[in-house]
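Here the structure comes first, spelled out in structure tokens, and everything after it is commentary.
As the structure lists them, so they are numbered: ligands from 1, and atoms in each ligand from 1. For reference, positions follow the sequence shown, starting with 1.
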Amino acid sequence: MDWDDLENRGDAEHAELRRVDIIELMSDNETFYPGPSRIHLAAFPPKERWDDWTELDSRAWPQRKERHYSLVPTTCFNCESACGLLAYIDKVTGEVQKFEGNPEHPGSRGRNCAKGPATLNQVTDPDRILYPLKRLGKRGEGKWQRTSWDEALNTIAARIRKAIVEERRDEVMYHVGRPGEDGFTERILAAWGIDGHNSHTNICSSGSREGYQLWMGLDRPSPDHANAKVILLISAHLESGHYFNPHAQRVIDGKANGAKLIVFDTRLSSTATHADYWIAPYPGSEAAILLAIANYLIRNNLYNREFVETWWNWREYVAQPSTFTLDFKEEPPSFSDFEDILKELYSEYTFEFASKESGVDAKTIEQIAEVVATAGTRFSSHNWRSVSSGVSGGWSVARCLFFINALLGAVATEGGVFPNAWNKFVPRPIYTPPHPKMWNETTWPREYPLSMNEMSFLLPHLLKDGRAKLDTYFTRVYNPVWTNPDGFSWIEMLADPDLVGCYVALTPTWNETAYYADYVLPMGVGSERHDIHSYETHDSQWLGFRQPVLKTHRQREGANINDTREVNPGEVWEENEFWLELTWRIDLDGSLGIRQFAESKKNPGTRLGVDEYYEWIFDNSVPGLPEKAAKENLTPLQFMRRYGAFEVKNKIGKIYEEVVGREELEDARVDEFGRVFTRAAKPAGPNIVPLPLPDGDDEGRRLVGIKFGDTIKRGFPTPSGRLEFFSKTLHDWGWPEYAIPSYFKSHVHPDNLEPDQTILISTFRLAVQIHTRSANSKWLDEIAHTNPLWIHTSHADKLNVITGDLLRVETEIGYYVVPAWVTEGIRPGIVACSHHMGRWKLTDEGQRQLMATVKLDRNGTQWGLKRQRGIEPYESTDADTQRIWWKDAGVHQNMTFPVHPDPISGMHCWHQAVRVRRAEPTDNPGDIFVDTAKSREVFKKWLALTRPADKYSPDRTRRPYWMLRPLKPAREYYKLPE
Ligand code: SF4
């Protein structure tokens, strides 16, 4: 054992301490590391020693040289999972030596994927941006001068103030990729009184979100994989799916406990390799398979009759005379009548039908249905990105998947699926500015009244159409030229000062979009900034705290640090301090009513600081935290700085069954469906910030719950208060044919393809890459640095290509050149290419470890991108950059995709109908050609598929008020203009 070894080496003091710790912990708790992890964690430093943790210096071997570390928790920012990290800060050098997992974090439980520890690469990245930069020359010319934070802040603040004063508030836009913080910037924008939030969600996950929201009013599922009997995944959970590491480890826990794992993936993903049943359906046919399973459960009476009768909104469905053809046995129709209708409705979805659509053997689908039927209420399922982000109508995949949960009653049960907000904790902030008094038509155009999020990826087209222009445009953790489809249209927009007056890129690193900025402002990476966040990793609620680890370390050592620029490299800042300072400068005298939301409560007249901001939240908004902190003689903020996470509540259970108290029943009215409306409805569930409540009535009442005899139960945050098998919203807003879970042919259904076309899957990535932020993560780059085209052996034979041969992939607007990777791990006839590669730069300025140097050629609307140089070793402050051995950087395929906005969810439908052929002799890997005139044509074709609010809104509003929106305008601005 370790301690014997230490004793043998004469280190008796440490050996004894370690022995005592471990023996005590074992006897008291039967685990090595107690705490919210609740698992056997032998290898973590006991938290009592985090102020001075000793390890031997591996570089000094064979000498036994000790190094002393201060261990400071923070939160990883390299994907949405928000896993806990523990920074090992050398007490002598004051530098971070490494990042490991934080055992105090209830979501990640001390574990990380490769990207977590690689945060260190980002901190020490020799190519990172260290100072504020201002453009010289034309946009995109690559000429920059260093400027000061003061100059940048004053210039930007003056522009925004002018736009607000001149009532051009729709010309200020903040466009975010990964937010990382729960609602901070949304509140800043609300403080400015602008509806200027724009997100990347419609190129990411809106498809699934729409499907889930239609059922349960909330847009994300929280599956309890660890306790499931059957797990069904339509996503790549073990490599890059939603809440990758926290969910992946719980999927494996579930399997270890005997759960059967079913995976639908056209490609042999890492998740599929762990499956008991892996099927590779034709892309877009997944909903047909799910409905065949549903039909099997319905036909054989294998569903949870009591749950369906109680919690589905079937009464609303049978009350719609146009939605069925059967006669009722009773009047009003009984549940038994509804069951007859249900059987009839789904009878066409036979295993044979599903087999015909998907290409999967009918017997296999039947076997899967039989396994699903054994799950009962322990059926956990998840669809994220994958096909729901790939095809038109992809949202129906999530909807049809949750249909099975709803049939089995596996909703908010142990081993089932919870609505996300029930397993997430969002504390009340220090200030809540009012909803903006405006509606931004550039982000929420009338054509997409039901879109899940902002129509962000259409921005160049909407601006080119003359619908709007931007005065000040921010991007943050976002690189639309590279990430979005149709990147050349983004370049055309950003290069035009008549469309975008001032573009500010907030970024730690160079990226393809930042090259077209007016200001490039250096922001901290994950361990250099503050945020709080909470995610639905399992049936629990926890709060994580991201913090600048060097600030906390220096504070532990007694230093007084006010501003993260004092501890970060160069003049790197953190966003939250930046936003507070910018808000302050927009309204220095307070005359616009904005400054008050950035003002200290402790010291009125001075700007609010981040310490006070978080101190207020932890003191006032997190139940149980002050008491727990007090037990350790800590303030709540000190507790969060010490441990990085707090478990608010474990095991949440069925909030829909919660009984509504009398205090909420003022002036109650009950309708024919048992919905109770009152004037005193409170937010559902344990969250302090209100969950979205459904529409109320004309007299100002809001839905409080559902009446069952003498009891009123909380229900779900949908307009009906129940799970919505029938979406009155879709029915009333012009899509009655999709009012119940259904399957329809997507834009890449075989009926919609030319004979020589196939499907390209572009919605996956490898587990070790992070999009823009990973290009200079050397440990990750060494593992993965290319993205060849997956092509099945039979397909490759037809084209007479072998692995490494170059192929041309032709889309509707151009083509790209990529080497083949011949594999049996994909459905024959379908091709796939990971979207995490193909980074490029125009000059030496950039992330040199994974950005190829390219040349752009333009002839009118025709654009070419040619690689000039691949990746090469280079001299820097990091000796490892001389050891770079990889040359490839992959291909930037997204640029060759036109926009495909789903007319309902607004999701960009990523799958492409393509032609794949051998490359021309003059082609080189990474070459791209695009005609943006064709992009415009495709945009118009998809726009014509919409059913705009002007024509279809049932109540002359722009959008159903109950539907989620990251930043909601005041309710009166939902009204369409007369
Ligand atoms: S899954 Fe990996 S990248 Fe994502 S937060 Fe966790 S450690 Fe970081």
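- W542 and H105 have their aromatic ring centers within a separation under 6.0 angstrom.
- Protein-derived N/O/S atoms nearer than 2.8 Å to atom 2 (Fe) of ligand 1 total 1, waters excluded.
- Ring centroids of H538 and H247 are separated by 6.0 Å or more, keeping the two rings apart.
- With sequence neighbours left out, D219 forms a salt bridge (charged side-chain N to carboxylate O under 4.0 Å, His left out) with R209.
- In this structure, K260 places its NZ atom where only 12 or fewer heavy-atom neighbours from other residues, nucleotides or ligands lie under 6.0 Å away.
- Between Y88 and F99, the gap from one ring centroid to the other reaches at least 6.0 Å.
- Ion pairing between a basic and an acidic side chain is recognised when a charged N comes within 4.0 Å of a carboxylate O; K255 and D276 show such pairing.
- Remark: distances from the non-hydrogen atoms of A82 to ligand 1 include one below 4.0 Å.
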